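Worth saying up front: this structure is predicted, and the values here are computed from it rather than measured.
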Amino acid sequence: MARQAIQVRDAILKGIRKAHRDYYRMSGGYWMSDGPESWVQIYVARALWKIFGDGTVACEAGSTATVEDAGRRRKRLSSLVKGKRYDIVLYFKKGTPRAVIEIKRQKSKESVLRDVKKVVAALKAANLRFGAVAYLRSRPGGKQKTASEKLSDYVNDIELRADKVTGRKYTTKNSRAYISGDTDDAWIADCILIERR
């Protein structure tokens with residue numbers, strides 16, 4: 001993975017951690033998994049802005065325009081790209097998009113994997129450097145498995161399935177960060193980086 005992609009991954013996870021801490025304090029004890037996804041999106045965007053500077057981060061950017069600005073590679077756009085929005089687009093200082101980022105909060109594995117497909121479609125369609133899908137999820141513990149064990153199973157399954165979705169032309173790198181938890185309740189943040197091989 002390129003150093004820049006690792007920087008982005010670290011900023012995403014830092015943004016999620018800060019979003020959780022602030023939401024917990026503001027709400028009087030609710031976890032971010034109970035809060036709005038847009039809250040996380042803004043914190044991640046601010047963490048990226050702090051690293052890359054002014055004019056480099058946009059939220060809810062139109063996908064068709066992003067692909068055009070990044071140097072469109074395909075004449076026909078996939079339905080995963082055409083007329084959609086990316087949660088965050090990271091730009092070079094000169095104004096061209098370098099990466100697309102999707103954020104998910106407390107969603108199903110299928111929803112996270114749909115965003116992996118969306119990022120792969122963007123990489124196929126344009127000259128983007130990489131993409132990322134970040135998600136956070138909380139789980140209560142149960143009789144047979146602790147909360148952390150359930151989350152570990154969830155993430156392991158997503159990792160395996162994301163590799164199948166991306167195929168041979170793309171590489172994925174996950175970075176788990178158990179943020180908080182015990183046997184009864186836990187939550188995790190993960191960031192899947194996707195690059196061309």
Side-chain angles (χ1 to χ4, degrees), residues 2 4-27 30-72 77-108 111-137 162 175 177 179 187-195:
Q4 186 181 88
I6 301 300
Q7 252 187 320
V8 168
R9 179 203 62 200
D10 292 348
I12 288 169
L13 292 173
K14 184 177 180 180
I16 293 172
R17 282 194 298 271
K18 182 151 178 48
H20 174 73
R21 276 194 312 268
D22 287 358
Y23 190 77
Y24 186 84
R25 288 173 52 210
M26 181 184 80
S27 67
Y30 288 101
W31 281 9
M32 189 59 248
S33 54
D34 297 320
E37 198 169 274
S38 58
W39 180 272
V40 179
Q41 181 181 332
I42 290 165
Y43 273 77
V44 168
R46 289 181 61 87
L48 292 166
W49 176 38
K50 192 171 183 178
I51 292 171
F52 294 100
D54 291 347
T56 60
V57 182
C59 294
E60 296 297 328
S63 57
T64 306
T66 299
V67 165
E68 295 292 341
D69 293 345
R72 188 169 168 171
L77 292 179
S78 159
S79 61
L80 292 168
V81 174
K82 191 175 181 181
K84 307 289 186 204
R85 292 192 167 278
Y86 298 117
D87 290 335
I88 299 170
V89 175
L90 183 63
Y91 290 84
F92 289 106
K93 285 271 189 182
K94 61 184 175 185
T96 56
R98 70 171 98 185
V100 294
I101 300 162
E102 291 294 318
I103 308 285
K104 283 285 177 250
R105 179 202 54 79
Q106 203 68 352
K107 299 288 184 180
S108 67
S111 181
V112 173
L113 292 167
R114 267 195 306 274
D115 274 356
V116 170
K117 289 177 186 175
K118 186 177 177 183
V119 169
V120 169
L123 294 174
K124 286 179 181 175
N127 293 318
L128 293 159
R129 293 285 174 93
F130 60 93
V133 177
Y135 63 91
L136 62 146
R137 177 135 176 114
S175 176
I179 308 299
W187 75 275
I188 191 170
D190 190 18
C191 180
I192 305 167
L193 290 174
I194 305 164
E195 287 184 307

Quiz item: When rounded to the nearest 0.5 angstrom, what distance separates CD in Gln7 from CG in Leu90?
Solution: 9.5 Å

Self-check item: Euclidean distance, Glu102 CD relative to Arg114 CZ, rounded to 0.5 Å
Solution: 11.5 Å

Quiz prompt | Any pair counted as salt bridge (Lys or Arg N to Asp or Glu O under 4.0 Å), so long as it reaches residues 48-68, sequence neighbours left out | solution = Glu68-Arg72

Exercise. For residues Thr66 and Gly62, report the shortest heavy-atom separation together with the two atoms involved.
Key: OG1-O, 2.7 Å

Self-check item: Derivation and outcome, side-chain hydrogen bond (donor to acceptor under 3.5 Å, both in side chains), residues Asp69 and Tyr91
Solution: CA-CA 10 Å; Asp69 293 345; Tyr91 290 84; 5.1 Å; no

Quiz item: Between atom CG of Asp34 and atom OG of Ser27, what is the distance when rounded to the nearest 0.5 Å?
Solution: 8.0 Å

Quiz item: Is the number of heavy atoms from other residues, nucleotides or ligands within 6.0 Å of CZ (Phe92) greater than 12?
Solution: yes

Quiz item: Under 3.5 Å, is there a donor-acceptor pair between the Asp115 and Tyr135 side chains?
Solution: no

Quiz item: Between NZ of Lys118 and OG of Ser63, what distance do you get to the nearest 0.5 Å?
Solution: 6.5 Å

Practice problem: Determine yes or no for a side-chain-to-main-chain donor-acceptor pair under 3.5 angstrom, with Arg105 supplying the side chain and Leu136 the backbone. | Solution: no

Self-check item: Pairwise distance OH(Tyr24) to CH2(Trp31) - rounded to 0.5 angstrom
Solution: 8.5 Å

Exercise. Just jot down the side chain to side chain contact (heavy atoms under 4.5 Å, CB included) partners of Ile42, sequence neighbours excluded, or say none.
Key: Arg46

Quiz item: Can you name the ring-ring contact (aromatic ring centres under 6.0 Å, His included) partners of Tyr23, sequence neighbours left out?
Solution: Trp39

Quiz item: Any idea which heavy atoms bring Glu37 and Ile103 closest together, and the distance?
Solution: OE2-O, 3.3 Å

Quiz item: Hey, is the main chain of Leu113 close enough, under 3.5 Å, to the side chain of Lys104 for a donor-acceptor pair?
Solution: no

Exercise. Give a yes or no on whether Lys14 atom NZ has more than 12 heavy-atom contacts from other residues, nucleotides or ligands under 6.0 Å away.
Key: no

Quiz item: Which word best sums up how the rings of His20 and Trp187 line up, parallel for under 30°, tilted for 30 to 60°, or perpendicular for over 60°?
Solution: tilted

Exercise. Mind running side-chain contact (heavy atoms from CB on, under 4.5 Å) on Leu128 and Leu123 for me, showing each step along the way?
Key: CA-CA 6 Å; Leu128 293 159; Leu123 294 174; 3.8 Å; yes

Exercise. Could you tell me the separation between the CZ atom of Phe130 and the CZ atom of Arg9, rounded to the nearest 0.5 Å?
Key: 11.0 Å

Exercise. Provide the closest heavy-atom pair for Ala122 versus Tyr86 in the form atom of the first, atom of the second, distance.
Key: CB-OH, 3.2 Å

Quiz item: If you take all heavy atoms of Gly53 and Lys93, which pair is closest and at what distance?
Solution: CA-NZ, 4.0 Å

Quiz item: Considering all heavy atoms of both residues, which atom of Ala19 and which atom of Val40 are nearest to each other, and what is their separation?
Solution: CB-CA, 4.1 Å

Quiz prompt | Closest heavy-atom pair and its distance - Ala70, Asn127 | solution = O-CB, 3.2 Å

Exercise. Flag the pair Val8 / Ile51 as yes when at least one side-chain heavy-atom distance between them is below 4.5 Å, and no otherwise.
Key: no

Practice problem: Evaluate the criterion side-chain contact (heavy atoms from CB on, under 4.5 Å) for residue pair Lys124 and Ser78; output intermediate values, then yes/no. | Solution: CA-CA 9 Å; Lys124 286 179 181 175; Ser78 159; over 6 Å; no

Practice problem: Using the side-chain contact (heavy atoms from CB on, under 4.5 Å) rule, pick out the option among Ile88, Ile101, Val89 that qualifies with Val57. | Solution: Ile88

